[in-house]
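Before any comments, here is the structure.
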Amino acid sequence: MRGSYGDRDRDRGRDRGSPRFGSSRGGPTSGRKFGNPGERLRKKRWDLDELPKFEKNFYTEHLEVERTSQFEVEEYRRKKEITIRGTGCPKPIIKFHQAHFPQYVMDVLMQQNFKEPTPIQAQGFPLALSGRDMVGIAQTGSGKTLSYLLPAIVHINHQPYLERGDGPICLVLAPTRELAQQVQQVAYDYGKSSRIKSTCVYGGAPKGPQIRDLERGVEICIATPGRLIDFLEAGKTNRRCTYLVLDEADRMLDMGFEPQIRKIVDQIR
């Protein structure tokens with residue numbers, strides 16, 4: 001499952017003025033003096049018959065959603081300013097319980113006093129839980145992080161347990177250290193109820209602790225592209241990933257990360 005989430009109202013002028021190369025925040029040449037990032041990585045040729053099978057569709061339409069008429073669905077989307085493209089898009093959910101989240105996820109949502117899903121969550125949960133490839137675009141502060149992390153937690157808990165050195169199962173790529181750290185905090189808050197381990201991998205910080213986290217095994221890795229490529233080239237993480245998110249994908253492309261993103265995606269089954 002691949003997800004891409006972007007901010008439509010970010011300050012583009014600020015992005016253009018930010019450092020693009022040689023950045024200490026995990027930029028395209030972070031931590032490198034010579035050569036191109038990922039030049040030693042070769043595209044994997046996967047034999048899908050030999051790879052372990054994995055499940056990615058965990059969505060069952062709730063009876064309340066099933067009974068919703070097409071007119072009611074269109075009216076809800078109009079009211080919430082939800083625009084969809086593509087075919088076979090499931091109906092949005094209106095209440096959290098309609099997503100059939102496990103109790104450990106619902107407990108954390110109730111602790112946070114969330115009343116109902118935001119628009120990106122209402123339409124994004126059914127898609128992500130179905131294992132569909134999707135692009136989600138919404139404003140800052142609209143709950144995008146939870147819209148991909150909660151389905152990721154469900155996905156992870158349906159996969160075989162990690163062996164030492166395994167992982168990650170979920171990879172979130174982010175353009176900056178600050179965003180990566182914010183996502184990691186949310187992953188920690190929601191993952192601890194089911195003992196899901198996460199780590200944050202970014203440039204401008206010592207590699208030792210980050211490598212130790214990966215070697216111990218983490219289910220979720222939030223990373224900036226430059227530092228993750230360093231670790232892939234060094235063989236410090238393996239190819240267990242079956243759930244990929246590009247957070248603020250548009251911003252990463254603006255910052256010149258496309259070659260690094262392609263290198264990383266080539267390492268994923």
Side-chain angles (χ1 to χ4, degrees), residues 1-10 12 46 48 53-101 105 116-156 158-159 169-175 179 183 220 225 241-254 257-258 261-262 264-266 268-269:
M1 197 300 257
R2 295 179 187 169
S4 174
Y5 291 76
D7 286 321
R8 69 183 182 195
D9 63 340
R10 71 176 192 279
R12 291 185 179 272
W46 301 104
L48 297 181
K53 300 291 187 263
F54 72 96
E55 182 58 48
K56 63 178 182 177
N57 184 359
F58 310 104
Y59 182 64
T60 303
E61 192 171 66
H62 195 281
L63 193 58
E64 295 171 7
V65 178
E66 189 178 332
R67 289 172 175 167
T68 306
S69 70
Q70 193 59 36
F71 173 80
E72 291 171 316
V73 169
E74 296 303 327
E75 188 64 17
Y76 176 82
R77 286 175 176 157
R78 185 192 62 77
K79 180 180 176 183
K80 298 294 184 179
E81 298 182 317
I82 298 173
T83 303
I84 61 170
R85 295 181 184 177
T87 58
C89 184
K91 297 175 182 177
I93 63 166
I94 297 173
K95 301 292 183 183
F96 283 112
H97 73 270
Q98 295 173 347
H100 287 299
F101 283 128
V105 172
E116 63 181 28
T118 66
I120 186 68
Q121 294 167 358
Q123 189 63 77
F125 284 151
L127 279 163
L129 286 168
S130 300
R132 299 277 298 274
D133 288 352
M134 64 171 290
V135 176
I137 303 173
Q139 294 177 332
T140 300
S142 58
K144 291 194 304 296
T145 305
L146 280 188
S147 72
Y148 64 74
L149 275 183
L150 294 190
I153 289 171
V154 174
H155 178 95
I156 289 165
H158 281 82
Q159 312 307 324
I169 294 172
C170 169
L171 172 63
V172 180
L173 291 178
L179 178 59
V183 174
I220 301 176
C241 178
T242 50
Y243 190 106
L244 170 67
V245 180
L246 309 179
D247 200 340
E248 293 196 11
D250 50 351
R251 187 174 175 192
M252 283 195 284
L253 295 176
D254 284 349
F257 277 123
E258 182 177 349
I261 292 171
R262 289 186 180 276
I264 291 166
V265 172
D266 281 346
I268 297 174
R269 58 180 289 175

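Values below: every heavy atom of this structure, side chains too, minus hydrogens, waters and symmetry copies. Just so it is clear, the structure is predicted and the values come from calculations on it, not from any experiment.
Using modelled atom types, no side-chain atom of Arg132 and backbone atom of Pro90 make a donor-acceptor pair closer than 3.5 Å. No donor-acceptor pair closer than 3.5 Å links the side chain of Thr68 to the backbone N or O of Val73.
Checked options Glu61, His62, Lys56; the residue passing with Tyr59 is Glu61 (criterion: side chain to side chain contact (heavy atoms under 4.5 Å, CB included)).
Less than 6.0 angstrom separates the ring centroid of Phe125 from the ring centroid of Phe101.
Using a 4.0 Å cut-off between a side-chain N of Lys or Arg and a carboxylate O of Asp or Glu, Glu75 and Lys79 do not qualify as a salt bridge.
Atoms CD1 and CG, from Ile268 and Leu171 in turn, are 5.0 Å apart once rounded to the nearest 0.5 Å. The line from CD1 of Ile84 to CG of Leu127 is 8.5 Å long, rounded to the nearest 0.5 Å. Interatomic distance, CD of Gln139 versus CD1 of Ile120, reported as 11.0 Å (0.5 Å rounding). Considering CD of Glu248 and CG of Asp254, their distance stands at 10.5 Å, rounded to 0.5 Å. From Asn57, atom CG reaches atom CD of Glu55 across 6.0 Å, with rounding to the nearest 0.5 Å. The CZ atom of Phe257 lies 9.5 Å from the CZ atom of Arg251; values are rounded to the nearest 0.5 Å.
The two residues Pro92 and Val65 have their closest heavy-atom pair at O-CG1, 3.9 Å. Listed here is the closest heavy atom pair of Met252 and Pro225: SD-CG, 4.1 Å. Between Cys170 and Ile156, the shortest heavy-atom contact is CB-CD1, 4.0 Å. Scanning all heavy atoms of the two residues, the minimum distance from Leu129 to Ala99 falls at CD1-O, 3.7 Å. Here the closest heavy-atom approach between residue Gly143 and residue Thr118 is recorded as CA-OG1, 4.3 Å. Between Cys241 and Arg269 the shortest heavy-atom distance is O-CG, 3.7 Å.
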Report task. Please report the C-alpha distance between Lys91 and Tyr76 in whole Å, then the side-chain angles of each, then the deciding distance to 0.1 Å, and finally whether the side-chain contact (heavy atoms from CB on, under 4.5 Å) criterion is met. Result -> CA-CA 10 Å; Lys91 297 175 182 177; Tyr76 176 82; over 6 Å; no
Report task. Report the C-alpha distance between Asp247 and Tyr148 in whole Å, list the side-chain angles of each, state the deciding distance to 0.1 Å, and finish with yes or no for side-chain contact (heavy atoms from CB on, under 4.5 Å). Result -> CA-CA 9 Å; Asp247 200 340; Tyr148 64 74; 2.6 Å; yes
Query - Audit row: Val183, Ile220, side-chain contact (heavy atoms from CB on, under 4.5 Å) steps and yes/no - result: CA-CA 10 Å; Val183 174; Ile220 301 176; over 6 Å; no
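Taking 4.5 Å as the limit, every side-chain heavy atom of Met134 sits out of range of all side-chain heavy atoms of Ser147. Two residues are said to be in side-chain contact when any heavy atoms from C-beta on lie closer than 4.5 Å; Thr145 and Val172 fail this criterion.
Between His155 and Tyr243, the ring planes lie tilted relative to each other; the angle falls in the 30° to 60° range.
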